[in-house]
Protein chains: 2
Amino acid sequence: MDTKTKILNAAENLFADKGFTGTSLREITSAAEVNLAAVNYHFGSKKELIKALMKRYLDVLSPELEGALLRVMEKNDDLSLDQVFEAFVEPLLTLNTLKEQGTSNFLQLLGHSYTDSQGFLRWFITTNYPGIIDNFVLAVHKAYPQLSSEDMFWRLHFTMGTAVFAMSSTSALIDIAQNDFDSEVDIEGVIRRLIPYVASGVGAKSH
Amino acid sequence: MDTKTKILNAAENLFADKGFTGTSLREITSAAEVNLAAVNYHFGSKKELIKALMKRYLDVLSPELEGALLRVMEKNDDLSLDQVFEAFVEPLLTLNTLKEQGTSNFLQLLGHSYTDSQGFLRWFITTNYPGIIDNFVLAVHKAYPQLSSEDMFWRLHFTMGTAVFAMSSTSALIDIAQNDFDSEVDIEGVIRRLIPYVASGVGAKSH
DNA sequence: GCCAAAATGAAACATGCGTTTAAAATGCCA
DNA sequence: TGGCATTTTAAACGCATGTTTCATTTTGGC
């Protein structure tokens with residue numbers, strides 16, 4: 001395996017677990033068994049390494065997700081919000097074919113990208129992959145046409161917050177949950193618990 | 001104003017905005033117009049400063065919240081989840097009497113305490129103020145007895161994430177919302193939009 | 001097999017961090 | 001007012017970070 005890939009893999013695992021600011025290049029290069037200077041040689045900087053990491057997943061996820069949302073809109077005449085959110089599951093799980101724990105790693109990275117580093121990654125994602133949000137809004141509107149655009153605005157942000165927060169603290173929560181309920185929990189389990197929650201939240205009756 | 005209070009106020013604003021790890025003692029002491037060493041002199045360490053900060057709010061919020069939850073449980077024979085979450089509003093808004101933007105600052109700090117610093121603050125809060133969570137769980141259980149304790153666990157954390165994320169991006173979102181819908185929105189308005197969302201999420205049918 | 005290009009390695013650099021030190025200033029009470 | 005405890009100050013300490021340098025080794029095409 002070449003150095004670049006070794007770095008990407010080691011960085012992904014560490015970043016997902018401990019966040020971007022919480023992981024040093026020395027930890028990464030040590031885990032990858034490469035020289036410290038290799039990161040700056042191959043990627044330019046820590047920021048560029050992070051971008052490359054996200055790009056590896058987003059380039060796969062983005063078209064899959066847009067397709068899945070379009071398909072679920074075409075097929076179902078009376079679309080439910082649960083179906084809209086279900087459309088996320090399969091594209092997300094295909095990320096496991098890219099790398100072991102790919103889905104979990106990506107979602108945790110996404111979570112960290114919203115809370116770490118003054119959100120420079122949020123900007124990177126929303127400007128480079130706008131199709132995801134656009135299709136998502138369309139699908140929600142089709143499933144719940146009565147929802148005012150103002151409620152739509154707020155609830156989409158609430159949903160994003162719920163998902164992102166859940167993902168960035170998933171490893172800690174899974175530990176607690178396994179101690180308290182000694183039940184096996186994985187990332188897919190969390191996703192499937194998330195769906196009824198956010199679908200119900202978005203579908204709430206307006207007051 | 002004495003040095004200790006100047007530090008607390010400056011630290012609160014900066015921590016709420018940029019997180020604990022994202023804010024240095026030099027920024028804080030500079031904003032507070034006190035000497036760098038004052039933090040370690042008056043509080044002992046950065047960690048103790050953070051604890052003192054949270055304590056200032058939690059000592060007020062905790063009894064208020066416990067009382068409000070007990071009251072809403074006693075009064076209503078047929079309790080709804082909306083009523084449970086409504087019980088949070090007034091105690092949270094009283095934090096604005098402690099300090100300008102107190103409610104918003106506290107909720108943002110709470111959010112950072114879950115994502116920053118390997119969750120040592122989460123431990124601090126749950127072990128020092130168990131009454132909040134206990135009464136909340138009781139109230140939710142009374143309003144929705146069929147909910148399993150495992151679903152309760154996850155939805156409680158989803159809810160916290162939703163609230164925390166909403167609050168941490170509130171100022172930015174309020175600006176956008178006022179431009180797009182020219183409607184007046186403030187913290188209380190966001191909280192009141194949040195209630196039906198999280199109540200509906202917690203109340204979702206289990207799959 | 002040679003040589004330029006690419007990659008690696010060890011070390012140092014510059015910076016920012018939380019914390020500590022010890023002297024100076026201030027406050028307070030006898 | 002004198003003296004002692006409290007507080008403030010400027011400076012430095014030790015450490016970890018991302019990045020850069022430059023010598024060395026490895027690689028790939030002619």
Side-chain angles (χ1 to χ4, degrees), chain A residues 1-56 108-109 112-113 115-124 168, chain B residues 1-56 109 112-113 115-124:
Chain A
M1 197 190 311
D2 67 342
T3 301
K4 228 170 152 170
T5 312
K6 283 199 280 186
I7 293 175
L8 281 174
N9 287 337
E12 178 181 316
N13 291 329
L14 287 165
F15 280 149
D17 191 34
K18 314 168 48 171
F20 300 120
T21 58
T23 305
S24 71
L25 293 185
R26 281 166 180 81
E27 291 180 81
I28 293 170
T29 52
S30 170
E33 295 178 310
V34 301
N35 189 270
L36 168 62
V39 170
N40 287 280
Y41 177 77
H42 286 285
F43 296 94
S45 68
K46 188 179 181 181
K47 267 193 181 177
E48 291 301 319
L49 167 63
I50 296 173
K51 282 194 202 170
L53 217 47
M54 298 304 288
K55 187 171 155 53
R56 190 162 66 153
Q108 288 181 245
L109 292 174
H112 291 305
S113 74
T115 52
D116 283 14
S117 64
Q118 312 103 246
F120 93 91
L121 249 178
R122 171 168 39 193
W123 171 86
F124 171 74
S168 62
Chain B
M1 198 189 306
D2 67 342
T3 302
K4 227 170 153 170
T5 312
K6 280 199 281 187
I7 293 175
L8 281 172
N9 287 336
E12 177 181 318
N13 291 329
L14 286 165
F15 279 149
D17 192 32
K18 314 167 50 170
F20 299 121
T21 58
T23 306
S24 71
L25 294 184
R26 283 166 178 80
E27 291 179 82
I28 293 170
T29 52
S30 170
E33 295 180 309
V34 302
N35 188 272
L36 167 62
V39 170
N40 287 280
Y41 177 78
H42 285 285
F43 295 94
S45 68
K46 188 180 181 180
K47 267 192 180 178
E48 292 299 320
L49 167 63
I50 296 172
K51 284 193 201 169
L53 215 49
M54 298 306 286
K55 188 172 155 52
R56 190 161 67 153
L109 292 175
H112 292 305
S113 74
T115 52
D116 283 13
S117 62
Q118 311 103 246
F120 93 92
L121 247 178
R122 171 166 41 193
W123 172 87
F124 170 75

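Every chain is numbered from 1 and lettered A, B, ... according to where its sequence line falls, protein lines coming before strand lines. All values below come from the heavy atoms of this structure, side chains included, with hydrogens, waters and symmetry mates left out.
- One finds no side-chain N or O of A/His42 lying less than 4.0 angstrom from the OP1 or OP2 phosphate oxygen of C/dA6.
- A/Leu25 places its CG atom 15 Å from the C1' atom of C/dG16, with the value rounded to the nearest Å.
- Atom-to-atom, CG of A/Leu49 to P of D/dT17 comes out at 15 Å; the value is rounded to the nearest Å.
- The phosphate of D/dA16 has neither OP1 nor OP2 within less than 4.0 Å of any side-chain N or O from A/Ser24.
- By the neighbour-count criterion of 12 heavy atoms within 6.0 Å, atom NZ of A/Lys4 is sparsely surrounded, having that number or fewer from other residues, nucleotides or ligands.
- Dense packing is recorded around NZ of B/Lys6, with more than 12 heavy atoms of other residues, nucleotides or ligands lying under 6.0 Å away.
- Residue-to-nucleotide contacts include a donor-acceptor pair under 3.5 Å from the side chain of B/Arg26 to the base of C/dG18.
- In this entry the distance linking CD1 of B/Ile28 with P of C/dT19 reads 11 Å, nearest Å.
- Heavy-atom nearest nucleotides on DNA chain D were determined for A/Glu27 and for A/Asn35, and the one closer to the 5' end corresponds to A/Glu27.
- Between B/Thr3 and D/dT8 there is a side-chain polar atom (N or O) within less than 4.0 angstrom of OP1 or OP2.
- For A/Ala37 and B/Val39, each mapped to the nucleotide of DNA chain C holding its nearest heavy atom, the one lying further toward the 5' end belongs to A/Ala37.
- The distance from atom CG of B/Leu36 to atom P of C/dT20 is 12 Å, rounded to the nearest whole Å.
- Looking at heavy-atom distances under 4.0 Å, A/Thr23 makes contact with sugar-phosphate atoms alone, never a base.
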Problem - From CA spacing to verdict: side chain to side chain contact (heavy atoms under 4.5 Å, CB included), B/Ile50, B/Phe124 - result: CA-CA 11 Å; B/Ile50 296 172; B/Phe124 170 75; over 6 Å; no
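- D/dG14 atom C1' lies 14 Å from atom CG of B/Asn40, rounded to whole Å.
- Per the geometry, CD1 belonging to A/Ile7 stands 13 Å off P belonging to D/dG18, to the nearest Å.
- B/Tyr41 places its OH atom 17 Å from the P atom of C/dA25, with the value rounded to the nearest Å.
- For the pair B/Glu27 (side chain) and B/Ser24 (backbone), a donor-acceptor distance under 3.5 Å is present.
- Side-chain contact between A/Asn9 and A/Met1 is present, with at least one heavy-atom pair separated by less than 4.5 Å.
- Looking at heavy-atom distances under 4.0 Å, A/Ala38 makes no contact with the nucleic acid at all.
- Distance NZ (B/Lys46) to P (C/dT19): 8 Å, rounded to an integer number of Å.
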